[in-house]
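Because only heavy atoms are used, hydrogens play no part in the values below, and waters and symmetry mates are left out as well, while side chains stay in. In each ligand, atom 1 is the first atom listed, and ligand 1 is the first ligand listed.
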Amino acid sequence: MDASETPTGTAAETPTRVESWTEWDPLRHVIVGRADDGHIPPPEPALDAKVPEDSDMRGQWGRRPQETIDRANALLDGFADLLRKRGVRVDRPVPVDFSQAVTTPDFHTPSQFGCMPPRDVLLTVGREILEATMSYRCRWFEYLCYRPLMQRYWEEDPGFRHEAAPKPRLTDADYHPDYLSDTIGEAKRLEWAAARHFVTTEEEPLFDAADVLRFGRDLVVQHGFTTNRKGIEWLRRHFPDHRVHAVNFPGDPYPIHIDATFSPMRPGLILNNPQRRLPDEQRKLFERNGWEIVDAAPPAHQTPPPLCYSSVWLSMNVLVLDPKTVCVEESEVYQADQLDRLGFEVVPVALRDAYAFGGGLHCCTADVRREGELQDYFPAG
Ligand code: GLY
């Protein structure tokens, strides 16, 4: 099994052209992750700050049980087939051996993570795919899983720009030591989140690609655990033709990745997690440009699946196929109903048993090609 695996379905011959400007234009080519060799990583500062204090994952690390890997892969394969049947070309990463340690001159961690969520690593902006710095030591080499695909796109599409952000050093200076306690408590975490005191410091630019949302000429970037101010400034300088907006969500005690918090569905419509509302001052950009921000429906589940890093709000981690069609996890009946009432065709997809490997339907994909050209969705500035 490798990146050249022959896809089934009508999309097999879709020629390679990397280009995607938004989260909602019609999807033509996508990468879907794999659960192979998925690991719970060993303790490290960024990870310890993220794992909830009452989580069953605290203190555990190592390779995930094979039956859970097989089940997650069956679901990811099923999602890939569903997309192919709808005319989307699907490519898959090539996993490395995640049991290998990561050792650099600056740090050592005894194992890695996996390659289920390409969205965390790869940011497609127009004709470019940018590899994020990443902010966890265990994810330092994750880009290697996507290099066979990047190499192929580079050879097949002369207009494709393959970029990599500067690899960070990830020394202890990158992490605030007060986050290393496992008895901080939710009230203190919320106070810190409101004050934008996150686990990552401003030692060097850090960002995960899943903190970035694409709205044509505008990029909206979450400042939180995995993306710091310097990471946002790095993106601003790297994309000089874009306007880059920093946002934060004070109601989230574990703010990593924007896509279970703020999800654009189509021009003019965003779902916002009602426990993590965008602050009033930051809403103005959307309001003066006629965008509606609606509270997402409640999750169908009270708890995440076992050994899962994410919250129950993966309910709103949906994949938009085009401005009228959206994939929703099949057990998330309230989210599906809300999107149905908002006028979407809802495509149910079974994925919950794969959540523990890195997230939901948005996380486990990365755009290669969406139709549509660069547009300004915020003309009022
Ligand atoms: N930020 C991911 C989650 O809510 O689980």
Those residues at least two apart in sequence (or on a different chain) that pass ring-ring contact (aromatic ring centres under 6.0 Å, His included) with Phe207 are Trp234
If you count the non-hydrogen atoms of other residues, nucleotides and ligands that lie under 6.0 Å from CD in Gln66, is the total more than 12? yes
Any nitrogen or oxygen of Tyr309, side chain or backbone, less than 3.5 Å from one on ligand 1? no
Point-to-point distance, once rounded to the nearest 0.5 Å, from CG of Asp376 to CZ of Arg243: 4.5 Å
Is the distance between the ring centroids of Phe378 and Trp291 under 6.0 Å? yes
Which atoms of ligand 1 sit under 4.0 Å from any heavy atom of His257? 1 (N)
Kindly state whether the ring of Phe215 and the ring of Trp24 have centres lying under 6.0 angstrom apart. yes
Heavy atom of the protein closest to atom 1 (N) of ligand 1 (residue, atom name, distance): Ile256 O, 2.6 Å
Does only the side chain of Arg276 get under 4.0 Å from ligand 1, or the backbone, or both, or neither? Count heavy atoms. side chain
Return the closest protein heavy atom for atom 4 (O) of ligand 1 as residue, atom name and distance. Ser311 OG, 2.8 Å
Report the part of Ser310 in contact with ligand 1, treating N, CA, C, O as backbone and CB onward as side chain, heavy atoms under 4.0 Å; options are side chain, backbone, both, neither. both
